[in-house]
Q: 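The structure under discussion is supplied below as structure tokens; questions concerning it will follow.
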Amino acid sequence: MPELPEVETVRAGLDALISGATIVSADVRRDSCVRLLPGGPAQFAAMLADARIEAVVRRGKFLWMPLAHGTPPQMADAVPAEALSAHLGMSGQFRVHEGAGAPAPHPHCRARLHLDRGGTVLTLDFLDQRTFGYLHVEELVETADARAGGAGSALAAVPESVAHIGRDALDPAMDVEAATRAWRRGTRGIKQVLLDQTLVSGIGNIYADEALWAARVHPERPAHAVSAAQSRALLDASREVMSRALVQGGTSFDALYVNVNGESGYFSRSLEAYGRGGEPCGRCGRPLRRAGRSSPARAGW
DNA sequence: AGTAGCACCTGATTGC
DNA sequence: TGCAATCAGGTGCTAC
């Protein structure tokens, strides 16, 4: 499943291939992959036509591409007000084909965008087997934390649907003290809190389990019973394991095949906890016990 | 306000 | 063999 490292791999791949390209047309092959607009998929396609993709940006697991329309003389100070946003859900993928004669759309292809990058024909397919992902065209809005962002963040605005999402674990502008303080409020199990994208974004089921294992904190421990030191250890562990995954995801990446398949195992050999219920713990050798719903397991903390 | 629970959807796997 | 139940999982909405 795509979590922060997988989505960042996709973002970097897309950015290299389609930034600066103009959208010629959009072909929505399954209406429900486009978020509700008053005019439906037709409006979606109309809003994209002739727009130029300025960049590919990410916060947590959310992706978006600020759009510029037309080429007015005063373009220099024109700030994109709109973006094509995307969420990969559980199974979303982007694939780019360069040149004319793109292959027939895959059965899971939900939308196909035709692009032009300086005269080169590009085909951008959005694939999504389980259909939890989506595409959307929406306004960019300023958020308080975007304005307060310190050094390192170029983010000035985020799509409306991302406004409630917290800065992600690898964002240099994230406020560590505020984040760990927020984590320790409330009665929910700490794993639930790690998965709450409004506090710190980007952490999903896999990396939550890995961080909990590394920091030796039980996933069902009430958040208020987690110490400040443990909370910082959890954040550090999340960053560390996601950084390692990102390096591996980034290396095995083919320029024209933007890989998003989080299950494809490039990092799975390194996992200590996720999906390992019943297997021996890498620290103590005792079997890992499943904890909670579909949570992996834990032993030896 | 904070939290639990469910809906959303499809393909693979398991059970009868 | 064939069909039905189960699972997987991120997000967003509703209800308590």
Side-chain angles (χ1 to χ4, degrees), chain A residues 1-11 28-37 41 58-64 85-94 105-111 125-136 138 141 158-169 178-179 181-212 219-226 238 242 245 260-265 267-268 271 273-278 290-297:
Chain A
M1 308 95 240
E3 299 182 29
L4 192 156
E6 292 78 28
V7 179
E8 171 57 20
T9 301
V10 173
R11 187 210 63 77
V28 177
R29 303 175 55 80
R30 183 191 169 101
D31 287 1
S32 63
C33 88
V34 176
R35 274 208 173 176
L36 202 57
L37 290 168
R58 179 190 60 77
R59 174 183 285 208
K61 306 168 197 172
F62 293 76
L63 283 170
W64 66 93
S85 57
H87 197 289
L88 302 175
M90 296 175 46
S91 55
Q93 297 186 359
F94 279 110
H106 187 280
H108 296 150
C109 178
R110 307 308 185 197
D125 281 347
F126 177 63
L127 280 57
D128 190 16
Q129 180 202 101
R130 293 187 189 173
T131 71
F132 275 21
Y134 63 83
L135 301 176
H136 191 34
E138 56 184 328
V141 297
V158 302
E160 283 177 320
S161 66
V162 184
H164 66 294
I165 298 298
R167 284 190 175 271
D168 68 59
R181 220 179 303 126
W183 274 4
R184 300 174 58 221
R185 283 198 297 257
T187 56
R188 287 183 296 177
I190 187 66
K191 179 173 172 179
Q192 284 302 108
V193 174
L194 262 54
L195 296 175
D196 184 340
Q197 304 295 303
T198 67
L199 304 174
V200 173
S201 66
I203 302 173
N205 204 28
I206 296 173
Y207 297 105
D209 287 336
E210 294 305 303
L212 288 160
E220 292 173 305
R221 177 162 214 172
H224 60 74
V226 175
S238 325
M242 289 198 294
V260 207
N261 185 354
E263 317 181 270
S264 61
F267 190 64
S268 62
L271 297 178
Y274 175 78
R276 292 198 54 207
R290 286 180 71 88
R293 185 174 179 264
S294 60
S295 311

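Order of the sequence lines sets the chain letters (A, B, ...), proteins ahead of strands, with each chain counted from 1.
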Q: Using modelled atom types only, decide if a donor and an acceptor are shared between the side chain of A:Asp168 and the backbone of A:Gly202 within a distance under 3.5 Å.
A: no

Q: Whether the side chain of A:Asn205 engages the backbone of A:Asp209 through a donor-acceptor N/O pair (distance < 3.5 Å, no angle test) should be reported.
A: no

Q: For A:Gln129 and B:dT13, give me the distance from atom CD to atom P, rounded to whole Å.
A: 11 Å

Q: To the nearest 0.5 Å, what is the distance between CZ on A:Arg188 and CG on A:Asp196?
A: 4.5 Å

Q: Separation of A:Gln192 atom CD from B:dG5 atom C1', in whole Å?
A: 11 Å

Q: Is the phosphate of B:dT10, meaning OP1 or OP2, less than 4.0 Å from a side-chain N or O of A:Arg30?
A: yes

Q: If only atom types and distance count, is the side chain of A:Arg110 paired as donor or acceptor with the main-chain N or O of A:Gln129 below 3.5 Å?
A: yes

Q: Whole angstroms only, please: what is the CD-C1' distance between A:Glu6 and C:dG10?
A: 13 Å

Q: Which whole-number value in Å describes the distance from A:His106 NE2 to B:dG11 C1'?
A: 12 Å

Q: Take the protein atom CZ of A:Arg29 and the nucleotide atom P of B:dT10, then report the distance between them rounded to whole Å.
A: 15 Å

Q: Would you mind building the protein contact string for nucleotides 11-16 of chain C? One character per nucleotide, 5' to 3', B for base within reach (heavy atoms under 4.0 Å), S for sugar-phosphate only, - for untouched.
A: SS----

Q: Between B:dT3 and A:Thr187, is there an OP1 or OP2 to side-chain N/O distance shorter than 4.0 Å?
A: yes

Q: Would the distance check show the side chain of A:Ser201 and the main-chain N or O of A:Gly166 forming a donor-acceptor pair, the cut-off being under 3.5 Å?
A: yes

Q: Quick one: A:Arg110 CZ to B:dC9 P, roughly how many Å, whole number?
A: 11 Å

Q: Examine the base of B:dA4 for any acceptor or donor lying under 3.5 Å from a partner atom in the side chain of A:Arg188, and report the outcome as yes or no.
A: no

Q: Should the ring pair A:His136 and A:Tyr134 be called parallel, tilted or perpendicular, given that the plane angle runs from 0 to 90° and is split at 30 and 60?
A: perpendicular

Q: Expressed as a whole number of angstroms, how long is the span from A:Arg130:CZ to C:dC7:C1'?
A: 9 Å

Q: Quick one: does A:Glu210's side chain have a donor or acceptor within less than 3.5 Å of a partner on A:Ser238's backbone?
A: no

Q: By the 4.0 Å heavy-atom rule, please label A:Ser32 as base, sugar-phosphate, or nothing.
A: nothing

Q: Between atom CZ in A:Arg185 and atom C1' in B:dA1, what is the gap in whole Å?
A: 11 Å

Q: Treating A:Gln197 as the side-chain partner and A:Gly60 as the backbone partner, does any N or O pair qualify as donor plus acceptor under 3.5 Å?
A: no

Q: Rounded to the nearest 0.5 Å, what's the gap from CZ on A:Arg58 to CD on A:Glu8? Could you check?
A: 4.5 Å

Q: Five pairs at each end of the helix from B:dG2-C:dC16 to B:dC16-C:dG2: take the axis at both ends and give me the angle between them to 10°.
A: 60°

